[in-house]
Trainee: 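Okay, here's the structure, questions in a sec.
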Protein chains: 2
Amino acid sequence: MSGAQPIHAELIAVIVAVSDGAPKVLTLSDGSALPAGPLESGHQSLQAGLRNWVERQTGHTLGHVEQLYTFADPDRSRAGRSISISYLGLTRETRTKLGGQVSWQDWYRYFPWEDRRAPATGIDLTIKPGLARWVDEAADRQSRAVRCFALDGAPWNEDLTLSRYELLYEAGLVREAARDGRPVHGDFAPGIAMTADHRRILATAISRLRATIKYRPVVFELLPDQFTLLDLQHCIEALAGHTLHKGNFRRLIEGQTLLEETGTLASGPGRPAKLFRFSAAIRAERAQAGTRLPLARP
Amino acid sequence: MSGAQPIHAELIAVIVAVSDGAPKVLTLSDGSALPAGPLESGHQSLQAGLRNWVERQTGHTLGHVEQLYTFADPDRSRAGRSISISYLGLTRETRTKLGGQVSWQDWYRYFPWEDRRAPATGIDLTIKPGLARWVDEAADRQSRAVRCFALDGAPWNEDLTLSRYELLYEAGLVREAARDGRPVHGDFAPGIAMTADHRRILATAISRLRATIKYRPVVFELLPDQFTLLDLQHCIEALAGHTLHKGNFRRLIEGQTLLEETGTLASGPGRPAKLFRFSAAIRAERAQAGTRLPLARP
DNA sequence: ATCCTTATACTCGAATTGAGTATATTTATG
DNA sequence: CATAAATATACTCAATTCGAGTATAAGGAT
């Protein structure tokens, strides 16, 4: 087999925190790029390399870290091919000073259509006409658009963030598509663009995280040590992009051994809520255990 | 940032087929290695590179292809670091001639404890004593072992194939651990070893495939054009490693729009069964749609 | 004392699930 | 040819889960 070639490898990180009821992502260049850096020689493993590098650059300790996807750049210069390995990392947003153009951004700035917590945002109205034009051009597009955007009465599936972004890209309804020279089909969907394929990587991270929280208790990496059941619910709703039924949520959580009471109460308006922490077993296993959250769809 | 270095990239493929009621994986060296090859310059994308290379080498057309994981070799020679990108590919086992040491192997030869279709194989009896010794050495090991191997009355979770292999490796209960100089804790678990980390990659593939078949109709890449409901059930049981309730399986499958009748009947002993094929919509979307199979665990 | 706000508890019917039994239609066998 | 064996298909039923709602408790603010 011939054609093996030297290659340049880079790590791209999607660092996620939740604060003020919004999921945030750590960005460079005033929100237009994800943090990235070359794979360095000293690193034991890719994951260790990423942790080390993020902690040095941002001062944030990463809790859960998960590999997302590896991309190869097809048409880079003769100088050598480039491979990007992307990661999702969870942390708590601390008020540490951030360097010049480093900032936390609400991830729904990039994907407004993914936030369905408040009803009737009218976002679909912006997207649907362009989508309709694209669908009419070929026969096999209909069912894909229907499934991704729940066009008929079908239920919205929050895990399809990546599929939806890819569809909008193919349909020429995001700026990146126009930038890459693809045909457009109308006004761009709302939401701001990013460098290269960074918005696609962010969509991958959202899809993955939304899928992960359903069966593994990774949310605890995003919450403070103590929290109320409503805090937990709001955190999950922020990530999932839709609201949950309070009573059913509590029933499911309390039916498991996920949490334990701290014995203290939260203050604030209204009746004080019990404070909880994740149970010792869960903390020891660092999110290895299984969980059930009321997000699975029939 | 310094330390960027040229890197060698290689693709490793886990090619899976199901025949004679057993999940098979394509191997080299009489079953001790997975097919692997360097990333070549002509390839558009990693996935295209893999398809191209597998089809040229084996004559098998890959249906569903899914990226598994990217590893970096930490302690390779000064000559340059190596990155391995592993993929899962599904195909049908055809009777094409295979080269010298290329062969299809039942994947349960490598993971006998993962096949729970026949009850009481006694495999657990071989593993449990060593596991018990390992658990006793540190406090936080108990719950992990319990969860992975369903030690108390907990239900067996078939998706944990990778976690179980990793635990056995850490516990020094597989040959690869001894080979890598780790302490052993008793007799090795049954199952044959592979080169380097290939058995770990195979475990990753099994975990991923077992998780995937629950919500995406990828099985259709493994079955012939027409098949009976029992064929479909047996295929899924082979992959999942446990049996399903026939009536409930049929109820769930027929309650969806997954299949359509061909109008013909299968022959053989007993009452002839209706032949089905996957519905046109499913085939068109090439496994993009959602499905439900009776495998999800409470 | 009353209102507002949030927490917590409980209810109830619909839907799903797990496990079982009964019947139909073919091939093999004496 | 009658019967057994094997397989397919259909139906039943109770337990559990789920979605959505109502009711009550406990704090602060006015």
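By convention in this document, chain letters (A, B, ...) are assigned in the order of the sequence lines, proteins followed by strands, and residues within each chain are numbered from 1.
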Trainee: Let me know the distance between CD of B:Q233 and C1' of D:dA8, rounded to the nearest Å.
Mentor: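 Rounded to the whole Å, the gap is 12 Å.
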Trainee: Could you state the atom-to-atom distance from NE2 of B:H234 to C1' of D:dT7 in whole Å?
Mentor: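 Value for this atom pair: 10 Å.
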Trainee: Will you find, in the side chains of A:E237 and A:T243, an N or O donor that is under 3.5 Å from an N or O acceptor?
Mentor: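 No.
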Trainee: For B:S143, give me all partners under side chain to side chain donor-acceptor pair (under 3.5 Å), at least two apart in sequence or on another chain.
Mentor: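 Listed in chain order: A:E285.
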Trainee: Parallel under 30°, tilted from 30 to 60°, perpendicular over 60°: which one fits the rings of B:F220 and B:F278?
Mentor: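 Taking B:F278 first and then B:F220, their aromatic rings sit tilted (interplane angle of 30° to 60°).
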Trainee: Is any side-chain nitrogen or oxygen of B:K274 closer than 4.0 Å to OP1 or OP2 of D:dT9?
Mentor: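 Checking D:dT9 against B:K274, no side-chain N or O comes under 4.0 Å of OP1 or OP2.
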Trainee: What's the CZ-C1' distance between A:F249 and C:dA7, to the nearest Å?
Mentor: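 One finds 14 Å between C1' of C:dA7 and CZ of A:F249, rounded.
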Trainee: Look at the side chain of A:T228 and decide which nucleotide, out of C:dA7, C:dG18, D:dC18, has an atom nearest to it.
Mentor: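 My answer, after comparing the listed nucleotides, is C:dA7.
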Trainee: Less than 6.0 angstrom from the centroid, inside 45 degrees of the normal: does B:R210 satisfy that with respect to the ring of B:W156?
Mentor: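 Not satisfied by the 6.0 Å and 45° rule.
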Trainee: Round to a whole Å and report the spacing from CG of B:N248 to C1' of D:dA14.
Mentor: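 In whole Å, D:dA14 C1' lies 13 Å from B:N248 CG.
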Trainee: Between D:dC18, C:dA7, D:dT7, which one does the side chain of A:R250 approach most closely?
Mentor: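 Of the candidates, C:dA7 comes closest.
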Trainee: Atom CD of B:E254 and atom P of D:dA10: how far apart are they, to the nearest Å?
Mentor: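 Whole-Å distance recorded here is 6 Å.
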Trainee: In whole angstrom, what separates B:Q256's CD from C:dT16's C1'?
Mentor: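 After rounding, the gap between these two atoms is 13 Å.
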Trainee: So does A:K246 get a side-chain nitrogen or oxygen closer than 4.0 Å to the phosphate oxygens (OP1/OP2) of C:dT8?
Mentor: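 Indeed not, no polar side-chain atom of A:K246 lies that close.
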Trainee: Keeping the roles fixed (side chain from B:R208, backbone from B:Q67), state whether a donor-acceptor pair exists under 3.5 Å.
Mentor: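 Yes: the side chain of B:R208 pairs with the backbone of B:Q67.
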Trainee: Whether the side chain of B:R92 engages the backbone of B:L222 through a donor-acceptor N/O pair (distance < 3.5 Å, no angle test) should be reported.
Mentor: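 Checking the backbone N and O of B:L222 against the side chain of B:R92, no donor-acceptor pair under 3.5 Å is found.
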Trainee: Can you tell me the distance, in whole Å, between the NE2 atom of B:H245 and the P atom of D:dT12?
Mentor: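 B:H245 atom NE2 is separated from D:dT12 atom P by 15 Å.
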Trainee: Which one, C:dT17, D:dA8, C:dA7, comes nearest to the side chain of A:L230?
Mentor: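 That would be C:dA7.
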Trainee: Between B:K274 and B:E261, is the salt bridge (charged side-chain N to carboxylate O under 4.0 Å, His left out) condition met? List the steps.
Mentor: CA-CA 7 Å; B:K274 287 180 191 161; B:E261 294 184 25; 3.5 Å; yes
Trainee: From C-beta outward on A:R251, which listed nucleotide comes closest to its side chain: D:dG19, C:dT8, C:dA19?
Mentor: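 Shortest atom-to-atom distance from the side chain points to D:dG19.
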Trainee: Determine, for nucleotides 23-30 of chain C in 5'-to-3' order, which nucleotides have protein heavy atoms under 4.0 Å from the base (write B), from only the sugar-phosphate (write S), or from neither (write -).
Mentor: -BBBS---
Trainee: Find the distance B:H242:NE2 to C:dG18:P and express it as a whole number of Å.
Mentor: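 Interatomic distance, NE2 of B:H242 to P of C:dG18: 11 Å.
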Trainee: Hey, which of these two, A:A273 or A:G247, hits DNA chain C nearer its 5' end, going by closest nucleotide?
Mentor: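 Of the two residues, A:A273 wins.
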